[in-house]
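Chain letters run A, B, ... following the sequence lines, proteins first, then strands; residues in each count from 1.
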Protein chains: 2
Amino acid sequence: MNLLTRKLENFAPLGNDDKSFLDELVRKNRMFERGKDIILEGDAPDNVHLILDGFACRYKLTSNGERHIMAYLVPGDFRDLHIAILKEMDHSVGTLSPCQVVDIPSSIIENLTERPGLMRALWWATLVDEAILREWLVNIAQREAPQRLAHLFCELLLRLNAVELTTMEGFELPITQSELADTPGLSAVHVNRSLQMLRADGLIELKDRNLLILDPHRLMEFSGFNPNYLHLFDRAGRH
Amino acid sequence: MNLLTRKLENFAPLGNDDKSFLDELVRKNRMFERGKDIILEGDAPDNVHLILDGFACRYKLTSNGERHIMAYLVPGDFRDLHIAILKEMDHSVGTLSPCQVVDIPSSIIENLTERPGLMRALWWATLVDEAILREWLVNIAQREAPQRLAHLFCELLLRLNAVELTTMEGFELPITQSELADTPGLSAVHVNRSLQMLRADGLIELKDRNLLILDPHRLMEFSGFNPNYLHLFDRAGRH
DNA sequence: CGTACTATTGATAGATATCAACGCTGGTGG
DNA sequence: CCACCAGCGTTGATATCTATCAATAGTACG
């Protein structure tokens with residue numbers, strides 16, 4: 001089963017017909033190196049992009065030369081369904097690690113009316129993306145640095161778990177501390193210190209781009225994490 | 001012309017047929033007092049809500065009892081098209097001032113396929129909402145308190161101008177400083193001081209719930225405001 | 001082997017929160 | 001009519017968090 005199917009089935013099971021449609025869709029993809037831009041602010045949106053492998057991000061550069069990351073795109077995530085409606089991008093999208101990306105002509109998305117189940121699933125993904133943005137806003141505004149990072153880790157754990165990219169202990173987090181810092185609006189130095197705090201508390205280990213979550217339950221409690229905004233299907237009974 | 005039409009025509013002109021459809025849609029509305037909830041986190045989404053008059057907001061309550069406002073809903077704004085897909089709300093929506101609200105059954109939204117122009121306009125509105133969220137994220141993360149407020153004011157100026165709710169000098173901002181503080185993640189005290197700074201610099205006046213923007217150009221420059229994310233139709237030639 | 005990037009540590013400065021108090025205003029009830 | 005009260009805006013003093021600056025060490029890589 002391909003990654004997109006895996007993700008979308010967190011909303012609702014898809015028919016075999018839709019699944020093979022997605023399999024076909026995902027066939028043609030291309031690689032981006034780490035640190036490359038997929039599209040730049042100001043560009044006219046072209047295709048819809050789907051991340052199949054690797055971490056990408058939405059970001060903006062501010063007037064003072066800082067970069068701010070506004071979203072992580074992990075495998076299974078889209079870069080804006082329906083973006084073709086807008087004349088130009090208001091942000092850039094770039095890779096944080098080597099990425100495998102599928103270009104989907106927007107016409108394909110627009111002609112999905114005869115696949116209502118799939119369309120609903122894509123809608124779900126869009127709504128969740130927006131919910132994540134809202135949660136990030138709260139995260140930055142209300143929590144202190146160690147909690148912010150912990151909250152982000154909890155989210156990534158669930159999102160990556162939804163596409164089965166986690167192990168028992170954690171997941172690969174292929175980004176630098178400095179990139180991590182651009183996400184919740186912290187300085188790289190402060191991120192470093194906050195990580196040490198989390199390590200000292202026995203909550204996580206982070207080494208060689210690998211994040212081990214030692215005690216998920218305690219990490220969620222520590223950061224005030226409530227997974228409701230991810231709107232994940234309860235997969236308790238899944239096999 | 002009704003307010004929704006006014007707003008959507010910032011994307012593209014609508015046909016007369018679509019306009020009268022919207023007129024009809026907007027007919028049945030109800031009033032909410034200030035400080036009432038339209039829907040609560042955890043509720044099952046029912047209708048789509050459209051604000052016709054007044055200020056409402058999306059908000060969440062955090063574990064420490066703080067409220068964080070994640071979006072302002074001003075006249076012409078929707079509360080989540082397609083929200084019916086999700087089982088429960090991940091945030092609440094409440095009024096900041098007395099509000100006139102239209103309930104739109106989600107079935108009406110889902111059956112818009114025969115009005116492609118209108119559908120595209122609604123898509124545009126949704127994409128702009130998401131872009132605003134991203135910009136707020138950058139705003140909180142990267143700017144200092146006075147700039148954050150200034151940026152917010154610039155945005156509201158353009159958004160309210162798009163529905164012709166601004167005067168030459170400014171607009172009505174029917175919220176308290178404490179509510180204002182819950183928006184960019186500041187304390188009420190610090191908001192108060194930041195406002196005084198903006199006043200002292202001759203950038204704004206704020207009295208009796210009325211915000212005067214004394215020098216829009218300088219305010220935008222001061223806050224590093226770039227309107228591109230609002231994706232407003234260039235109305236220079238409008239009559 | 002040098003170079004660039006990344007992670008780390010210490011010291012200091014700056015921004016913002018918190019706590020506490022006070023005045024103003026509008027509404028309410030005696 | 002007046003006293004009282006609650007909500008809002010304001011001010012001052014202090015504490016806390018986070019950024020910034022600077023330096024060092026480890027690491028990957030050509």
Modelled atom types, side-chain donor and acceptor of Gln100(A) and Asn29(A), under 3.5 Å: yes
Base-contact (B) and sugar-phosphate-only (S) positions in nucleotides 13-18 of chain C, heavy-atom cut-off under 4.0 Å, - elsewhere: --SBSB
For atom CG of Leu195(A) and atom C1' of dT9(C), their distance in whole Å: 15 Å
Any donor-acceptor N or O pair under 3.5 Å, side chains Asn228(A), Asp90(B): no
Residues Asp129(A) and Thr126(A): side-chain donor-acceptor under 3.5 angstrom: no
Minimal non-hydrogen separation, Val74(B) against Ile51(B), with atom names: O-CB, 3.9 Å
Would you list the atom pairs, donor with acceptor, under 3.5 Å between side chains in residues 191-200 of chain A and any protein atom, with sequence neighbours excluded?
from: Asn192(A); atom 1: OD1; to: Gln196(A); atom 2: NE2; distance (Å): 2.4
from: Asn192(A); atom 1: ND2; to: Gln177(A); atom 2: OE1; distance (Å): 2.9
from: Ser194(A); atom 1: OG; to: His190(A); atom 2: O; distance (Å): 2.8
from: Arg199(A); atom 1: NH1; to: Leu206(A); atom 2: O; distance (Å): 2.9

Nucleotide pairing, DNA chain D (Watson-Crick or G-U, distances under 3.5 Å), in dot-bracket with [ ] and |: ||||||||||||||||||||||||||||||
Flag for Tyr72(A)-Glu155(A): side-chain donor and acceptor within less than 3.5 Å: no
Phosphate contact (dT8(C) OP1 or OP2) by Asn192(A) side-chain N/O below 4.0 Å: yes
Nucleotide interval of DNA chain D bounded by contacts with chain A (heavy-atom cut-off, under 4.0 Å): dC17(D) to dC21(D)
All side chain to side chain donor-acceptor pair (under 3.5 Å) counterparts of Ser63(A), not counting sequence neighbours: none
Other residues, nucleotides, ligands: >12 heavy atoms within 6.0 Å of Glu221(A) CD: no
Give every donor-acceptor pair under 3.5 Å between a side-chain atom in residues 141-148 of chain A and any protein atom, sequence neighbours left out.
from: Gln142(A); atom 1: NE2; to: Arg67(B); atom 2: O; distance (Å): 3.4
from: Gln142(A); atom 1: NE2; to: His68(B); atom 2: ND1; distance (Å): 3.3
from: Arg143(A); atom 1: NE; to: Asn139(A); atom 2: OD1; distance (Å): 2.7
from: Arg143(A); atom 1: NH1; to: Ser223(A); atom 2: O; distance (Å): 3.2
from: Arg143(A); atom 1: NH2; to: Glu135(A); atom 2: OE2; distance (Å): 3.1
from: Arg143(A); atom 1: NH2; to: His151(A); atom 2: NE2; distance (Å): 3.2
from: Arg148(A); atom 1: NE; to: Arg143(A); atom 2: O; distance (Å): 2.9
from: Arg148(A); atom 1: NH1; to: Pro184(A); atom 2: O; distance (Å): 2.8
from: Arg148(A); atom 1: NH2; to: Ile140(A); atom 2: O; distance (Å): 3.4
from: Arg148(A); atom 1: NH2; to: Arg143(A); atom 2: O; distance (Å): 3.4

Under 3.5 Å side-chain donor-acceptor pair for Asp37(A) and Ser92(A): no
Phosphate-side-chain proximity, Gln196(A) and dT9(C), N/O vs OP1/OP2 below 4.0 Å: yes
Rounded distance in Å - CD1 (Ile175(A)) to P (dT6(C)): 12 Å
